[in-house]
Amino acid sequence: MQNEYQFETIEKKWQKRWQDSGLYSVDIEKSDRKLYCLVMFLYPSGDKLHIGHWYNYAPTDSWARFKRMQGYQVFEPMGYDAFGLPAENYAIKKGVHPKKSTENNIRFIREQLKALGAMYDWDKEINTSDPGYYKWTQWMFLQLYKHNLAYRKKAAVNWCPSCTTVLANEQVIEGQCERCESEVETRDLEQWFFKITDYSERLLEGHDRIDWPEKTITMQKNWIGKSTGALIGFPLADADDIIQVFTTRPDTVYGVTYMVLAPEHPLVAKITTAAHQQDVKAYIERTRRTKEIDRLSTEREKTGVFTGSYCLNPVNNKRVEIWIADYVLVTYGTGAVMAVPAHDQRDFEFATRYGLEIIQVISPHGKPTSEALECAFEDPGIMIHSGTFDGTPSVQGKQAVIDYLQQNGWGEAKINFRLRDWLISRQRYWGAPIPIVYCDTCGETPVPEKDLPVLLPDQVEFSGQGQSPLSTNPDFVNTTCPTCGGPARREVDTMDTFVCSSWYFLRFPNPHLSDKAFDPEIIKKWLPVDQYVGGSEHANMHLLYARFFTKALYDFGYINFDEPFTRLVHQGIITNAGAKMSKSRGNVVNPDVYVEKYGADTFRVYMMFMGSYEEGGDWNDEGIIGINKWIKRVWRLIHQINDQPPQGNENDRFKIVLRQMHYAIKMIGIDMERFHFNTCISRIMELINEMYLYIQDVPVAEQNATLIDVMHTLVKLLAPFTPHLAEEVWHELGNSSSVFDVSWPEYDEEQLTLDTIQMGVQINGKIRAQMQFSADASDQEIIEATTADDKVQKYMEGKKIVKSFVVKNKLVILVVK
RNA sequence: GCCGAGGUGGCGGAACUGGUAGACGCACUGGACUCAAAAUCCAGCGUAGCUCAAACUACGUGCGGGUUCGACUCCCGCCCUCGGCACCA
């Protein structure tokens with residue numbers, strides 16, 4: 001036995017032995033008590049593994065090890081989300097082919113990952129940029145295409161001039177590119193979309209069946225943005241067309257004083273009268289030039305112009321002006337809004353600015369307000385100036401008006417969603433090619449499944465000029481039509497990398513299948529993922545897309561579940577001096593330095609002990625030395641006991657140690673379930689402190705011999721947190737099997753109470769004394785003993801006890817008057 | 001502006017369904033060991049008052065109120081920090 005803990009040799013030794021013995025390779029065929037524990041896989045950019053990765057992976061691995069010891073068959077895989085922009089940008093800058101740089105990064109990162117000492121089943125590693133994988137990403141595309149969930153349309157899209165590609169709405173943050181923070185422009189392009197909007201309702205419904213953080217579910221709900229209201233048709237006064245509007249306030253329809261179309265609305269050209277042609281044209285031009293970010297700003301004053309045309313309010317035949325204004329978005333609802341300035345703040349501001357009429361149709365008390373409104377009245381109230389609806393409470397008025405509109409053929413009830421279809425085309429090279437060809441005779445044609453994968457060619461030019469790099473390789477572009485055999489062109493855009501990650505959890509259990517994406521039998525056994533852990537920033541992207549894919553695959557009959565991740569936990573963010581760590585800020589903390597200096601076990605424990613896992617916190621390495629010392633202290637304790645084994649049967653002091661042990665087992669069990677790692681470590685620290693006091697205060701010859709058993713339990717408790725140290729010690733103690741193959745210790749509730757208990761005596765809410773009681777004393781006895789006490793009597797002089805009771809093992813409560 | 005989370009010692013953070021606030025650790029101080037230092041082991045450590053000391057008392061979980069025998073925990077009104085959404089009709 002060594003005196004000092006040598007983490008360098010011990011950690012390497014066990015990492016190698018674990019791998020050689022295949023300890024963590026899961027037999028996928030056996031799935032009883034299966035537990036699929038997944039962390040969001042890696043995006044292998046040049047940054048390598050940073051603190052955030054460690055924080056995601058190491059504590060989750062401790063959780064998985066804990067579950068394994070509880071008897072679960074834990075499957076914990078790792079892989080690489082290897083397609084994506086950084087590799088390609090690096091190629092443009094340094095001239096290194098993305099394939100090469102990605103390979104290099106992965107090779108390096110794999111080693112870093114191994115240093116973590118996690119239970120990853122390396123036989124199941126996947127790489128989304130491997131043709132063996134993206135073949136099936138393309139297959140997924142074809143399934144969606146077959147079921148009309150993938151379509152192409154010309155659309156105004158978000159264009160990042162720096163990344164030279166389009167972005168999904170989710171990737172645009174405050175009008176800027178999520179990745180490079182450039183201002184996003186609007187361009188009209190033919191693009192591929194996935195029809196996620198078909199699943200809006202079901203994506204909401206599924207929330208009730210998953211154990212996810214409430215805030216994540218709320219974020220998704222808000223993002224999907226369901227709103228209930230009505231679709232109302234306003235016929236043009238002097239032409240045939242009808243302007244459809246969506247409103248959540250059909251009860252205010254009598255208050256419509258004008259109509260607003262989005263500048264991009266298709267009817268604008270048709271209805272603009274000659275006299276207003278010039279103004280309207282100028283306004284549209286101006287809108288187009290306005291940057292997305294400015295247009296989205298709510299602070300900006302609302303502007304618009306009159307088109308010269310009128311439409312008729314179906315309920316009262318009122319003639320209302322039709323305006324265009326950029327506060328109306330063409331992408332939401334019908335791109336047109338019925339303006340009710342009295343009851344909508346935006347319409348109110350617009351009407352005030354342009355001197356448009358304001359008619360009050362909802363009032364708090366059922367009578368018109370005498371003075372002019374200062375702002376819109378948006379609360380519910382009583383309907384007025386609304387024909388036969390006068391006097392109806394607006395809440396009921398909503399449905400009543402809808403019924404009325406419906407009876408007359410003017411409108412209908414309608415549910416609208418904020419969610420838009422998922423734009424997946426990227427004008428970039430490093431992604432999975434979209435398996436579509438364009439034939440002059442047959443048109444848009446999907447590549448037959450048997451011809452997959454559509455291989456990504458190595459030879460392309462990275463112009464960075466906005467044109468898809470694949471278009472620069474004629475051998476790739478020119479092909480033959482799978483239907484007619486005539487000449488055809490391949491689609492040159494690639495898929496958003498979020499497509500690759502929308503189904504990867506189905507690939508992990510069977511990564512080497514060459515004839516299908518996944519084996520339905522295996523998937524049936526191992527999915528859904530029991531525990532998923534990753535950052536909350538993916539709430540409206542990856543986590544939504546993966547749910548959409550799962551529901552689609554369920555509908556196609558490939559899988560028998562429709563929610564991919566049963567339980568989800570987000571790790572918090574580790575900041576540096578309050579700022580988010582990022583390469584551009586240059587404040588990224590490199591975990592390798594600490595792993596080299598203190599070892600993986602120390603680093604793991606430190607990350608877990610730092611604070612609340614789900615809240616994260618600011619990075620500060622001051623305490624890490626303390627954890628390192630603690631780990632050495634643990635090592636010394638175990639060796640000290642083992643070198644001088646206890647011989648006697650001392651019991652009074654030993655009971656305290658025993659109680660601490662049972663308490664630790666109990667609390668760690670509870671806290672691990674909740675991902676409260678910091679308190680788990682505290683409980684082990686307490687046990688170790690108690691054990692030290694014991695061997696110090698009680699001579700070896702008297703020490704209770706069963707202290708050895710406590711020590712074995714201690715090693716088991718340590719195992720999930722310090723896997724290398726625990727495994728080493730476990731073997732030193734004479735065990736031949738892995739500590740991860742033994743079962744988690746159980747606690748005895750009876751051992752948690754000591755013979756005598758100290759309780760506080762609370763008189764009128766204040767602690768006034770501390771008293772000892774035997775554990776089996778009745779409440780009656782305790783209260784009697786308390787009231788007889790001198791100190792307590794002092795507070796009761798001349799007063800009567802009104803109420804008295806005992807909070808078990810804690811307090812004696814006396815209320816006196 | 002809207003939605004969500006959070007504000008506790010010098011610091012990181014505990015506290016289950018309202019029941020002894022500050023577990024555990026860092027830093028600091030003292031003791032033991034040592035010729036000495038480091039390492040280690042042990043002890044102390046919210047603030048103020050009183051005291052040689054022990055004890056005791058008051059105050060104390062962002063601020064101001066409230067409910068309760070009793071509030072970090074529940075209710076009302078504010079302030080600040082962080083995350084998300086942002087003209088969604």
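A, B, ... follow the sequence lines: proteins, then strands. Residue 1 opens every chain.
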Problem set entry | Side chain A:Q758 and base B:U20 donor-acceptor under 3.5 Å | no

Exercise. Just to confirm, is there a sub-4.0 Å distance from OP1 or OP2 of B:C41 to any side-chain nitrogen or oxygen of A:R636?
Worked result: yes

Exercise. Would you say the ring centroid of A:F677 lies under 6.0 angstrom from that of A:F675?
Worked result: yes

Problem set entry | Nearest listed nucleotide, side chain of A:W223, among B:C24, B:C85, B:U57 | B:C85

Seminar exercise, completed: Applying the 3.5 Å cut-off to both distances, the Watson-Crick or G-U partner of B:U17 turns out to be none

Problem set entry | Mate of B:A23 where both pairing distances stay under 3.5 Å, Watson-Crick or G-U | none

Problem set entry | Of A:V337 and A:W630, the one whose closest RNA chain B nucleotide lies more 5' | A:W630

Exercise. Under the criterion side-chain contact (heavy atoms from CB on, under 4.5 Å), which of A:I624, A:N56, A:I51 is the partner of A:M607?
Worked result: A:I51

Problem set entry | Phosphate OP1/OP2 of B:C42 contacted by A:R633 side-chain N/O (<4.0 Å) | yes

Exercise. With a cut-off of under 6.0 Å to the ring centre and 45° to the axis, is A:R604 in cation-pi contact with A:F721?
Worked result: no

Exercise. When all nucleic acid strands are considered with a 4.0 Å heavy-atom cut-off, which category describes A:R683: base, sugar-phosphate, or nothing?
Worked result: base

For this session: With the side chain of A:I767 defined as its heavy atoms from C-beta on, choose the nearest nucleotide among B:U20, B:C69, B:G25.
Result: B:U20

Exercise. Hey, does A:I813 reach any base, or is it just sugar-phosphate, or nothing, if we go heavy atoms under 4.0 Å?
Worked result: base

For this session: Could you tell me which nucleotide pairs with B:C85 by Watson-Crick or G-U wobble geometry, both distances under 3.5 Å, or answer none if nothing does?
Result: B:G1

Exercise. Between A:Q345 (side chain) and A:A376 (backbone), is there a donor-acceptor pair under 3.5 Å?
Worked result: yes

Exercise. If you look at every strand shown and take non-hydrogen atoms under 4.0 Å, does A:F805 touch a base, only sugar-phosphate, or nothing?
Worked result: base

Problem set entry | Spacing of A:M667 atom CE relative to B:A15 atom C1', expressed in whole Å | 10 Å

For this session: Using a heavy-atom cut-off of under 4.0 Å over every strand shown, decide if A:S612 touches base, sugar-phosphate, or nothing.
Result: sugar-phosphate

For this session: Just call it for A:Q762: base, sugar-phosphate, or nothing, with non-hydrogen atoms closer than 4.0 Å on any strand.
Result: base

Exercise. Reckon A:R674 has a side-chain N or O less than 4.0 Å from the OP1 or OP2 of B:C16?
Worked result: no

Problem set entry | Intermediate values then yes/no, side-chain hydrogen bond (donor to acceptor under 3.5 Å, both in side chains), A:D671 and A:T679 | CA-CA 7 Å; A:D671 285 344; A:T679 46; 2.7 Å; yes

Exercise. Is the phosphate of B:C85, meaning OP1 or OP2, less than 4.0 Å from a side-chain N or O of A:R418?
Worked result: no

Exercise. Among the nucleotides B:A39, B:C16, B:C24, which one has an atom lying closest to any side-chain atom of A:K629?
Worked result: B:A39

Seminar exercise, completed: The nucleotide from B:C42, B:G84, B:C24 with an atom nearest the side chain of A:S682 is B:C24

For this session: Take atom CZ of A:F609 and atom C1' of B:C24, then tell me their distance rounded to the nearest Å.
Result: 5 Å

Problem set entry | Interatomic distance where CD belongs to A:E614 and P belongs to B:G4 [whole Å] | 18 Å

Problem set entry | Short side-chain N/O contact to B:C59 OP1/OP2 from A:K766, under 4.0 Å | yes

For this session: Would you indicate what A:K215 reaches in the nucleic acid, counting non-hydrogen atoms under 4.0 angstrom: base, sugar-phosphate, or nothing?
Result: sugar-phosphate

For this session: Could you tell me the separation between the CG atom of A:L419 and the P atom of B:A86, rounded to a whole number of Å?
Result: 12 Å

Exercise. Between the side chains of A:R633 and A:N689, is a donor N or O closer than 3.5 angstrom to an acceptor N or O?
Worked result: yes

For this session: Look at all strands and tell whether A:Y692 reaches a base, only sugar-phosphate, or nothing, counting heavy atoms closer than 4.0 Å.
Result: sugar-phosphate

Exercise. Hey, does A:Y795 reach any base, or is it just sugar-phosphate, or nothing, if we go heavy atoms under 4.0 Å?
Worked result: sugar-phosphate

Exercise. Where the side chain of A:M219 is defined as all heavy atoms beyond and including C-beta, which of B:C16, B:G84, B:C3 is the nearest nucleotide?
Worked result: B:G84

Exercise. What is the nucleic acid contact for A:T331, judged by heavy atoms within less than 4.0 Å: base, sugar-phosphate only, or nothing?
Worked result: nothing

Exercise. Taking the P atom of each, how far is B:G6 from B:G62, in whole Å?
Worked result: 13 Å

Exercise. Taking atom C1' in both B:G70 and B:G19, what distance in whole Å separates the two?
Worked result: 7 Å

Problem set entry | Glycosidic class, syn or anti, of B:G9 using a 90° window around 0 | syn

Exercise. Whole Å only: how far is the CE atom of A:M607 from the C1' atom of B:G12?
Worked result: 14 Å

Exercise. Heavy atoms under 4.0 Å, any strand shown: does A:E537 hit a base, just sugar-phosphate, or nothing?
Worked result: nothing

Exercise. Who is the Watson-Crick or G-U wobble partner of B:C35, with both distances under 3.5 Å?
Worked result: none

Problem set entry | Nucleotide forming a Watson-Crick or wobble pair with B:G49, both distances under 3.5 Å | B:C56

Exercise. With respect to the side chain of A:N678, which nucleotide from B:C69, B:C24, B:G13 is positioned closest?
Worked result: B:G13

Exercise. Does A:W212 have A:R547 sitting over its ring (NZ/CZ under 6.0 Å from centre, angle to axis within 45°)?
Worked result: yes

Problem set entry | Partner nucleotide, any strand, of B:G30 [Watson-Crick/G-U, under 3.5 Å] | B:C42

Exercise. Donor-acceptor pair, A:S386 side chain versus A:M383 backbone, under 3.5 Å?
Worked result: no

For this session: Please tell me which of A:D347 and A:I625 maps to the more 5' nucleotide of RNA chain B, matching each residue to the nucleotide holding its nearest heavy atom.
Result: A:I625

For this session: For the pair A:Y663 (side chain) and A:Y747 (backbone), establish whether a donor and an acceptor sit closer than 3.5 Å, ignoring hydrogens and angles.
Result: no

For this session: Using whole Å, report how far OH of A:Y613 lies from C1' of B:G6.
Result: 19 Å

Exercise. Within the structure, does a side-chain N or O atom of A:N620 lie under 4.0 Å from either OP1 or OP2 of B:C26?
Worked result: no

For this session: Return no unless some side-chain N or O of A:T679 is found under 4.0 Å from OP1 or OP2 of B:A15.
Result: no

For this session: Assign A:N416 to base, sugar-phosphate, or nothing according to its heavy-atom contacts below 4.0 angstrom with the strands shown.
Result: nothing

Problem set entry | Protein-nucleotide distance (A:I631, atom CD1; B:U40, atom P), rounded to Å | 14 Å

Problem set entry | Pair partner, B:G64 [Watson-Crick or wobble, under 3.5 Å] | B:C76

Exercise. Base, sugar-phosphate, or nothing for A:Q345, non-hydrogen atoms under 4.0 angstrom?
Worked result: nothing

Problem set entry | Protein-nucleotide distance (A:M685, atom CE; B:G13, atom C1'), rounded to Å | 12 Å

Problem set entry | A:H538 side-chain N/O to A:L543 backbone N/O, donor-acceptor pair under 3.5 Å | no

Exercise. So, is A:N689 close to the B:G25 phosphate, meaning a side-chain N or O under 4.0 Å from OP1 or OP2?
Worked result: yes

For this session: For the side chain of A:E622, starting at C-beta, report the closest nucleotide among B:A23, B:G6, B:C26.
Result: B:C26

